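Predicted model, so just to flag it, every value in this text is computed and none were measured. Lettering follows sequence order; numbering is per chain, from 1.
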Amino acid sequence: MGSELALIALSAMLVNNFVLARFLGVCPFLGVSRRMDSAVGMSVAVLFVMTVASLATWLVQRLVLTPFGLDYLRTISFILIIAALVQLVEMVVQKSSPVLYQALGIFLPLITTNCAILGVALLVQQKDYGFLQTMTFAVAASVGFGLAMVLLAGLRESLALASVPRSFQGNAIVLVTAGILSLAFMGFSGLVRG
Amino acid sequence: MLAAILTLGGMGAVAGLGLGFASKRFAVAVDARLEELLGALPGINCGACGFAGCRPCADAINTGAAKVNACPVGGEGTVIALATIMGVEPEASIKQYARIFCTGGVQEARRAFQYQGMDDCNAAVLVSGGGKACVFGCLGLGSCVSACPYDAMYMNENAIPVVIDSRCTGCTLCAPACPKDLIQMIPAVAEVQVLCNSTHKGSEVKKVCTVGCISCDICVKVCPYEAITINAYLAEIDYGKCTNCGLCVAKCPDDTILDFSGVRPRSYILPEPCTGCTLCRDVCPTNAISGELDKLHVVDVEKCIGCYMCKVICPENAVDMRGPGAYGGGVRVQAEPVPNRLTLVQIG
């Protein structure tokens, strides 16, 4: 059991990294990675939402969709659940912890309908994970997301000081950098089967 | 089918009700003043205040990081509204207008070649500087006009942009649109401007433009306040000294110096207090005042240029300014000095 969870975590974090191998959540990956502090803020927000969202969607799948044989409603109901949940979480955080809200506030609505969040929820069902496995997968996936964010933010902060050829300036060099980063992560493939 | 509708509908209803309940239960009182401040700001998010938009600006005003006159665009009304909300005394924001430091249009400025291409100054400037023989001159394709969010500019038939002062908010958005750096925000009180940017010698300017500054020194000599200096072959007005008397405007041989004050009032000598001391007669730069010692002096309205020098010098307060735009006595301008615009020009 323990080794299985470790394998799931390693796979979600490095081998099948959500951003760099599955190409999910590229929007915040490119959008919020200009500065290290906002990249870290986004990563923490993703960790938070991804964990809560996988828990909620896993429960909905187990308690509502499977018993009634409504598997074909999975995607649409997951979108509904995640959107409502993020709203709720935002309200609760705003009320209960203004400090946390200040830190996460801008990022929470941004990831409401992020494909990485939905991707985790759907992949969990595809792989038919149990509760512990689901939680491990979600946390590891978001840590992997955070890793990619922090790596790219660090690279971009260095890039800001480098002299980039004129035709590569702006988004072009960021996409090239992200591509090379993704190539590097391809080196992990084969480390874990599945 | 029915199950799907019921399930999704049910989940939607639960989520909706839950959120509705949560919004009541977890309602956080946001600062009502922030919303009020935001409402008082223009709301076009132009960024002229230096913040990212109107909301960050309102936030900064609310926390005291910015003053109530932070918005240069809204004008006096906005400052008063913001000051009322914040409960402080309104501080005047310095009203500024965009000024284009070139008046050499189709008629005045020679063309080196005919530019044909994109209707945009920033594109034209890439083609050997855009076609004007004067490298400093306005290209006349109206990039600044397109950049203005207030419709406060238009291109006149001479292909020179004109600023409509009543609409210009001084938001600075037009300035970066000009590839020749010809646009600057000038305080409204500085009404007299040398509208040329050329730092070439007079003989060079003369070859390419009929309204360029040829650094002839006439304005320097004529200015009674020593406010004008020639710097790098370009006349420059020190707004700390300039009183907007308009003498240089009248004397400039090339009409490079222009007066933005509109119609000037003319002076009129009141018969009762005038003692005939001849002070005003001697000070008048255009010899518009005539009169003998101890006798009433008379102003020739044809010659008077409304410079206010007679009013300033009269010990008996006998000079009255009449006509549109007349104002109370004394030296009228206490302008903030504007940055030396030569520093903004890239020479070459």
| Interchain contact, L88(A) with chain B, by part (heavy-atom threshold 4.5 Å) | both
| task | Pick one of side chain, backbone, both or neither for I81(A), based on which atoms fall under 4.5 Å of a heavy atom in chain B. | result | side chain
| remark: Nearest heavy-atom approach of L182(B) to G137(B) is CD1-C, 3.7 Å
| In Å and rounded to the nearest 0.5 Å, what is the CZ to NZ distance from R110(B) to K132(B)? | 12.5 Å
| query | Which residues pass the ring pair (Phe, Tyr, Trp, His ring centres under 6.0 Å) test with F188(A), sequence neighbours left out? | reply | F185(A)
| note | By ring pair (Phe, Tyr, Trp, His ring centres under 6.0 Å), Y233(B) pairs with (sequence neighbours left out) none
Quick one: donor-acceptor pairs between chain B and chain A, under 3.5 Å, side chains and backbone, table format.
{"from": "A27(B)", "atom 1": "O", "to": "K95(A)", "atom 2": "NZ", "distance (Å)": "3.3"}

Considering only distance and modelled atom types, tabulate donor-acceptor pairs under 3.5 Å from the side chains of residues 139-151 of chain B, sequence neighbours left out.
{"from": "S143(B)", "atom 1": "OG", "to": "D120(B)", "atom 2": "OD2", "distance (Å)": "3.3"}
{"from": "S143(B)", "atom 1": "OG", "to": "C121(B)", "atom 2": "N", "distance (Å)": "2.9"}
{"from": "S146(B)", "atom 1": "OG", "to": "G142(B)", "atom 2": "O", "distance (Å)": "3.0"}

| request: Please step through side-chain contact (heavy atoms from CB on, under 4.5 Å) for the pair I100(B) and Q184(B), ending with a clear verdict. | output: CA-CA 7 Å; I100(B) 294 104; Q184(B) 277 185 60; over 6 Å; no
| query | Is any side-chain heavy atom of C174(B) less than 4.5 Å from a side-chain heavy atom of M185(B)? | reply | yes
